[in-house]
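Sequence lines set the chain letters: A, B, ... in the order given, protein chains first and strands last, and positions in each chain run from 1. Just so it is clear, the structure is predicted and the values come from calculations on it, not from any experiment.
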Amino acid sequence: MFEAQRFPYLQRYNRAGIADFVPHLPFTLTNRELNLDVIGLLDTGSSVNVLPYSIGLHLGKIWEEQTTIMELGGNLSRIETRGVILSARICNFPSVKLAFAWAKTNNVPLILGQMNFFHEFDVCFYRSQLAFDIRPKSVIEN
Amino acid sequence: MSSQAIATIIEMIESLPAATQEQLVEYLQQYIAKLKRSTEAEIQNTEEDITENKMQIPELSHDVADIFNPNLDYPIWSPYDSYEAAHKLAQMLEEDKKAQ
């Protein structure tokens, strides 16, 4: 079992200039030989992972080649999204495959949601300490 | 706006606690954004809203929910309840696993 890694909440400002702290996770996305360091928002309420359009392009994904079309809720219901799979590496943990709803907009954060980020990682939030712990999921053997 | 009016507003804001000042500034920013977007009829409605809400402003620091103005749009990007999309992604991962 891997030891959990602790990350701090990062300060973020909204449009009105008001600051708050949010659980942002820095990690690396990979597609074949292309790597990109990104920051994802841990969002336990999101059903899926969401990938902004430009990040998919940076990693060599071609929109027209993605055939799994899906509809999302919230503001993204008006935006076309397609499924893509990328490799993700967090700290020194083994790489995992993450499936994303690739949105055809850059006006959206990179969201790490239930399918499948929270399937792959156990996360414990300590809002009172402005920190969260993360480690690969525990494999329960029968 | 005249400098006298601006001075009056500054004086009013300075009389409030620091936390309330920040919330008031956010509230005013939203109000001004609303004014810029609205038609004359909507402006009248907004002014009525502000008048009705004015007495609540000193209490904003005690109730975060009051910060949000129901007349404005807030971007909520989290795709809640998108279970069908989640199932599609799960299927993609399963197929990707089989292909390797």
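Residues of residues 84-91 of chain B that come within less than 4.5 angstrom of chain A, heavy atom to heavy atom, are Ala85(B), Ala86(B), Lys88(B), Leu89(B), Ala90(B) in numerical order.
Contacts of Glu95(B) with chain A are absent, with no heavy-atom separation under 4.5 Å from either backbone or side chain. Looking at Leu41(A), neither its backbone nor its side chain comes within 4.5 Å of chain B, counting heavy atoms on both sides. Looking at Leu72(A), the atoms closer than 4.5 Å to chain B (heavy atoms on both sides) sit in the backbone and in the side chain alike.
With Met70(A) as the fixed residue, the side-chain contact (heavy atoms from CB on, under 4.5 Å) test singles out one of Thr81(A), Leu76(A), Val48(A): Thr81(A).
Listed for the Asp122(A) side chain is no donor-acceptor partner under 3.5 Å among the backbone atoms of Arg135(A). A distance-only check finds no donor-acceptor pair linking the side chain of Arg32(A) to the backbone of Leu59(A) [under 3.5 Å].
In terms of non-hydrogen atom pairs under 4.5 Å with chain B, the most contact-rich of Ala101(A), Ser46(A), Gly113(A) is Ser46(A). Contacts with chain B were tallied for Ile85(A), Asn49(A), Val84(A), Val50(A); Ile85(A) has the most, counting heavy-atom pairs under 4.5 Å. Between chain B and the options Asn107(A), Asp43(A), Asn116(A), the largest number of non-hydrogen pairs under 4.5 Å is found for Asn107(A). If you tally non-hydrogen atom pairs under 4.5 Å between each of Ser77(A), Pro109(A), Ala103(A) and chain B, the highest count goes to Pro109(A).
Between Phe121(A) and Phe93(A), the two ring planes are tilted [angle within 30° to 60°]. Ring geometry for Phe118(A) versus Phe125(A): interplanar angle of 30 to 60°, hence tilted.
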